[in-house]
Amino acid sequence: MQRILKIIIVETDPSRAALIEESLAHAGQYELLTITDMSRLTAAIADHNPDIILIDLDNPSRDSLEELRLASAPLERPVALFVDQSDANLTKLAIEAGVSAYVVDGLRADRLKPIIDAAVARFTMFRQMRNELATTKRALEERKVIDRAKGLLMKARGIDEQAAYDLLRRAAMDQGRKVYDVAEALVTTAGLLS
Amino acid sequence: MTAKLPVAFLPLIDAAPLIVAVELGFDRDEGFALDLRRAHSWSSLRDMVSFGQVTAAQMLAPMPVATALGLVGTGAALASVAVLSTNGEVIGVSNAMARRIRDTGYSFGAGFGDARAAGQALIAAADGPLRIGVPFPFSMHAELLYHWLTALGLPAPAAVDIRTVPPPLMASALAAGELDAFCVGEPWGSMAVETNAGALLLPGSAIWPGAPEKVLGVRADLADASPEPLRAMIRALWRAGEWLSDPQSRTTACAFLSRRNYVDVPAEMIDRALSGHLTLTSRGDSRIVPDFVGFAQSTPQQDHAAWIAGRLAARLGLDRATARQAAIATWRTDLHDTALRAIPGYSPRPDAMTHSFDGQEFSPFLQE
């Protein structure tokens with residue numbers, strides 16, 4: 001019977017951490033721990049002496065994990081970013097999904113694979129959600145600017161909303177630019193003139 | 001269609017050559033387009049290079065060396081093909097430590113720039129092992145700090161508590177009482193003063209002027225297999241460095257860097273480092289530091305790589321001669337020179353890393 005692996009999830013957002021824990025629980029039987037406080041991160045990790053550490057690639061505190069590789073590090077067993085030459089693809093997938101896994105020396109790749117797979121699936125979802133959110137936000141912002149530009153045109157030229165929008169669209173087509181870019185230029189210029 | 005070359009950077013003022021090359025079109029003049037990607041940590045930036053998500057990245061000078069020594073990273077060998085900046089680090093202390101330092105009779109305004117006086121005051125004010133934050137275990141911030149404190153009688157890192165803290169979080173770690181001091185790149189030192197989290201004690205340039213700080217790092221196999229796009233990039237960045245070295249460029253450079261997709265802090269905060277006119281304390285003490293940060297020493301000097309390797313090896317118990325050899329191979333002076341010789345009238349600038357504050361002459365071999 002193999003020893004149950006201890007996994008630490010470093011994640012500041014508790015709801016995200018819960019989702020990661022949930023997907024790992026489906027992947028197998030592990031001892032799961034989440035660290036949300038980034039101050040004294042290495043000391044907290046040393047206290048728990050984990051086999052695997054999972055951390056968001058975009059988490060700036062990731063750099064302190066690099067200390068764990070040093071001889072003077074507060075951890076008994078050296079930890080390194082997981083790279084297995086036989087399966088470098090797995091690490092590449094993980095990095096593309098936005099998760100990095102630090103693993104103790106000598107842990108076999110076959111024990112690791114289900115964990116990385118589960119983490120990659122979860123982080124890919126996070127990334128998609130983040131991208132969708134960003135796209136929605138941007139669309140909203142662009143909409144606001146276009147509305148302001150329309151308002152400016154309606155006031156300055158005494159035309160209705162549809163005519164203002166047609167004017168913007170025609171200008172954009174003539175200049176080979178996006179309607180938003182023309183609208184933004186108009187709003188910025190108007191700001192200078194007023 | 002021009003080739004797009006993705007390059008990663010961190011929000012720091014010494015990403016300036018990359019940002020300027022894009023904003024002034026030095027990249028397109030060389031027939032390619034820089035596609036800058038902001039990273040959140042040195043380790044993720046390094047992984048982006050190792051796994052081919054970016055062609056190159058702004059790196060801490062010791063990173064390719066530490067990778068060659070097997071101390072960090074994923075095993076993909078890295079190469080330094082240009083020096084992006086020299087110095088530009090700053091050492092700051094918490095408000096509590098600043099009070100104790102003043103109690104020793106030290107004046108922040110008068111002492112700034114005097115590495116010996118500032119260091120002695122810091123050591124005298126410590127009540128226990130100093131807790132000092134650095135952005136990465138393998139950084140010039142760490143190397144300069146260790147040289148400085150050790151030369152003044154406090155063996156570092158042995159007798160200090162060194163912690164890795166991401167630069168944008170340095171001020172809050174200081175304010176929360178987790179650190180007594182830090183050594184960080186701008187604008188994050190000035191941001192600590194601005195948010196009333198601490199005071200600036202010493203510029204890195206006062207410890208060892210001319211020390212290489214950031215390099216352009218690439219995968220070593222890329223440097224060998226397709227050097228041509230890299231040469232174009234080296235030339236574009238050299239032009240950006242020349243432009244940045246002209247004081248007349250400063251206001252424009254600050255406006256570029258302050259943008260949301262780059263460093264994302266007010267232009268005035270960036271101006272402090274680029275002008276060398278630093279505000280040291282929340283009381284308004286200020287000081288002008290000539291050559292606080294440099295952008296004109298772009299040739300990677302292999303002696304510098306050997307120096308870094310010798311220090312890392314001595315500290316971590318590795319064979320020094322082997323370490324030096326491995327390190328020298330990562331700094332590609334040859335590639336850099338062939339790239340710049342294509343520029344009419346180009347002549348390399350002499351190495352500026354000559355003497356440290358304590359009079360030690362630069363040598364790739366450590367004093368035993």
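Residue numbering restarts at 1 for every chain, and letters A, B, ... go by the order of the sequence lines. We use all heavy atoms of the structure for the numbers below, so side chains are in, but hydrogens, waters and symmetry mates are not.
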More than 12 heavy atoms from other groups under 6.0 Å of [atom1] on [X]:
{"X": "A:Met125", "atom1": "CE", "result": "yes"}
{"X": "B:Arg38", "atom1": "CZ", "result": "yes"}
{"X": "A:Arg127", "atom1": "CZ", "result": "yes"}
{"X": "A:Glu161", "atom1": "CD", "result": "no"}

- Message: Nearest 0.5 angstrom please: A:Ile55 CD1 to B:Ser41 OG, how far?
- Response: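 Between A:Ile55 CD1 and B:Ser41 OG, I get 8.0 Å after rounding to 0.5 Å.
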- Please round to the nearest 0.5 Å and tell me the distance separating atom CD of A:Glu66 and atom CZ of B:Arg46.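 If we round to the nearest 0.5 Å, A:Glu66:CD and B:Arg46:CZ are 4.0 Å apart.
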- Note on the structure: The single option from A:Asp56, A:Asn59, A:Leu57, A:Asp58 that satisfies side chain to side chain contact (heavy atoms under 4.5 Å, CB included) with B:His40 is A:Asp58
- Measure distances from B:Arg163 to the heavy atoms of chain A and classify the residue's part below 4.5 Å as side chain, backbone, both or neither.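 Answer is both: backbone and side chain atoms of B:Arg163 are under 4.5 Å from chain A.
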- With a 4.5 angstrom heavy-atom cut-off, which part of B:Pro157 approaches chain A: side chain, backbone, both or neither?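 Looking at B:Pro157, nothing touches chain A.
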- Closest heavy-atom contact between A:Asp63 and B:Trp42?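 Closest approach of A:Asp63 to B:Trp42: OD2-N, 2.8 Å.
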- Picking from B:Ala39, B:Ser44, B:Pro168, which has the most non-hydrogen pairs under 4.5 angstrom with chain A?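 Most pairs with chain A among the choices: B:Ser44.
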